[in-house]
Amino acid sequence: MTKNELIYLLSLEKDENIKELFNAASAVRNSFTGNGIYLRGLSEISNRCRKNCLYCGIRRDNLKTPRFDTDTKEIIAEAKWCYENGYASFTIQSGERTDENFISRTEELLKEIKKIGNGALGITLSCGEQTEETYKRWFDAGAHRYLLRIESSNPEIYAQLHPNDGLHKWDIRYNCLKLLQKTGYQVGTGVMIGFPGQSVENLADDLLFFAREKIDMIGMGPYVLHPDTPLGKKVLDNKENTAAQKEKRLLMALKMIAVCRLLLKDVNIASTTALQALHPQGQLLGLRAGANILMPVVTDVNHRENYSLYENKKSANNCTPTPEDLQKLAENAACSIKFNQWGDSPAFFKRRKNEADNSPSKFRLFKEK
Ligand code: SAH
Ligand code: SF4
């Protein structure tokens, strides 16, 4: 698809056209990745962060957020719970920390999680920008997927969302995506959708960025305000957080999922928790728009409230859904949960095959469960 075609699809407004777009995206998902939905239990292990992203509720300078680190024992218990409930994959997310203490603790944690069911759980990491050496240590310890959103494919827009302090650089973030691919991870990225100043043209460019960079997994969600952040305050001052504006952000996020599915076809696309913050059935709507991954929050209940990236984060109060709840959710989108299966991105295997033909030693072979 050309950029103009992407813009055309993202600009659809009539209900019947949008429905047709979502149906087409679901059909493409069904023929390229099946109508199976794969689960990744999301454990938010620490909200300590060295960064100060202008939109994020756990940014370093938000002194109202009490900071936590989850006990290793508790995280292992969450991973076991996932294994016992057929989730098959576990995702570890945190604020960005680059101290050796965090790096080695995470490394040991990965090794422990790998012991559960004798390597039964696939592991995804989402712990921000790290050195090549750290990415390699974590890969060797058992992680095989990594999520690092580029936030915007446009460096100028990225600069508007982050402080200009040398620590928040688009080039460094982009280079991290390249390092992750080089290390052998399945690599996920994504953008926030609907923050002030973002245009449909920018979003079309984001989709073309995913295609150009041969991204395996996509995690995108609407921008959701957090009142104790510089961007959140500005949006509130400008009265840009009305119900109509939130609805617009939600709809654009769903259209992005659908158009991304039409463009990239065999990638994994998550129906993210931020959708749920803007609509009680946000995750169901994401599946109906062509997503194939659900990431139920399994974080320690004592810490959920303090992992508040944005307001109205549903996992803060809600219990983790049971396997039956999840199956019902999937069936409502004419899909079915694939329990006990990793559901790795088919796009990754295609990329790996192409690249391995040139440089076989780069890729560790791992078993698909
Ligand atoms: N620290 C890591 C992982 C945790 S943050 C990192 O930044 O990569 C995970 C994602 O939460 C970010 O990539 C960002 O896209 C999203 N996020 C943060 N604040 C948000 C907000 N106010 N609205 C929507 N998404 C937000
Ligand atoms: Fe830290 Fe990630 Fe939030 Fe940025 S988005 S402040 S890196 S947790």
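One-based numbering, in listed order, for ligands and for the atoms of each. No hydrogens, no waters, no symmetry mates; every other heavy atom, side chains included, goes into these values.
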Does a sphere of radius 6.0 Å around CD in Glu20 hold more than 12 heavy atoms from other residues, nucleotides or ligands, not counting ones at 6.0 Å or beyond? no
For atom 21 (C) of ligand 1, what's the nearest protein heavy atom and its distance? Val224 O, 3.4 Å
Taking Ser345 for the side chain and Asp216 for the main chain, is one N or O donor matched with an acceptor at less than 3.5 Å? yes
Going by the 4.0 angstrom heavy-atom rule, the piece of Ser94 near ligand 1 is backbone
Heavy atoms only, cut-off 4.0 Å: how does Glu44 contact ligand 1, side chain, backbone, both, or neither? neither
With ring centroids as reference points, do Tyr307 and His303 lie under 6.0 angstrom apart? no
Between Arg145 and Asp344, is there a salt bridge with N-O shorter than 4.0 Å? yes
Any non-hydrogen atom of Arg173 lying under 4.0 Å from ligand 1? yes
Looking only at protein heavy atoms, identify the closest one to atom 11 (O) of ligand 1 and say how far it is in Å. Leu309 CD1, 3.5 Å
Classify the ring geometry between Trp170 and Tyr174 as parallel (under 30°), tilted (30 to 60°) or perpendicular (over 60°). parallel
Do Ile150 and Val187 belong together in a cluster built from hydrophobic side chains that touch within less than 4.5 Å? yes
Pair Ser26-Asn23, side-chain donor/acceptor within less than 3.5 Å: no
Starting from atom 16 (C) of ligand 1, find the nearest protein heavy-atom neighbour and note its residue, name and distance. Arg149 NH1, 3.7 Å
Close approach, Tyr307 and ligand 1, non-hydrogen under 4.0 angstrom: yes
Looking only at atom types and distance, does a side-chain atom of Asn47 sit under 3.5 Å from a main-chain N or O of Asn306, one as donor and one as acceptor? yes
Just to check, does His226 reach to within less than 4.0 Å of ligand 1 when the distance is taken from its heavy atoms? no
Hey, is Arg304 close enough to Glu78 for a salt bridge, meaning N to O under 4.0 Å? no
Nearest neighbour in protein (non-hydrogen) for atom 19 (N) of ligand 1: Tyr55 CD1, 3.4 Å
Quick one: does Ser126 get within less than 4.0 Å of ligand 1, heavy atoms only? yes
Residue and atom name of the nearest protein heavy atom (relative to atom 4 (Fe) of ligand 2), distance in Å to one decimal: Cys53 SG, 2.3 Å
Ionic contact status for Lys178 with Glu213, cut-off 4.0 Å: yes
In terms of residue, atom name and distance, what is the protein heavy atom nearest to atom 26 (C) of ligand 1? Met192 SD, 3.6 Å
Checking contacts here: is it the side chain or the backbone of Tyr146 that comes within 4.0 Å of ligand 1, counting heavy atoms only? Could be both or neither. neither
Nearest neighbour in protein (non-hydrogen) for atom 12 (C) of ligand 1: Glu151 OE2, 3.3 Å
Residue part near ligand 1, for Pro222, under 4.0 Å between non-hydrogen atoms: backbone
Have a look at ligand 1 and work out which part of Gln93, if any, has a heavy atom under 4.0 Å from it: side chain, backbone, both or neither. side chain
Could you check whether any heavy atom of Gly232 sits closer than 4.0 Å to an atom of ligand 1, since that is the contact criterion I want to use? no
Tyr55/Tyr223 aromatic ring centres below 6.0 Å: no
Under 4.0 Å, heavy-atom basis, I'd like to know which part of Cys49 is in contact with ligand 2: side chain, backbone, both or neither. side chain
Suppose we measure from atom 3 (Fe) of ligand 2 to each protein heavy atom; which comes out shortest, and what is that distance? Cys56 SG, 2.4 Å
Under 4.0 Å, heavy atoms only, figure out whether ligand 1 is touched by the backbone of Cys56, its side chain, both or neither. both
Parallel, tilted or perpendicular: which one describes the rings of Tyr185 and Tyr146, with boundaries at 30° and 60°? perpendicular
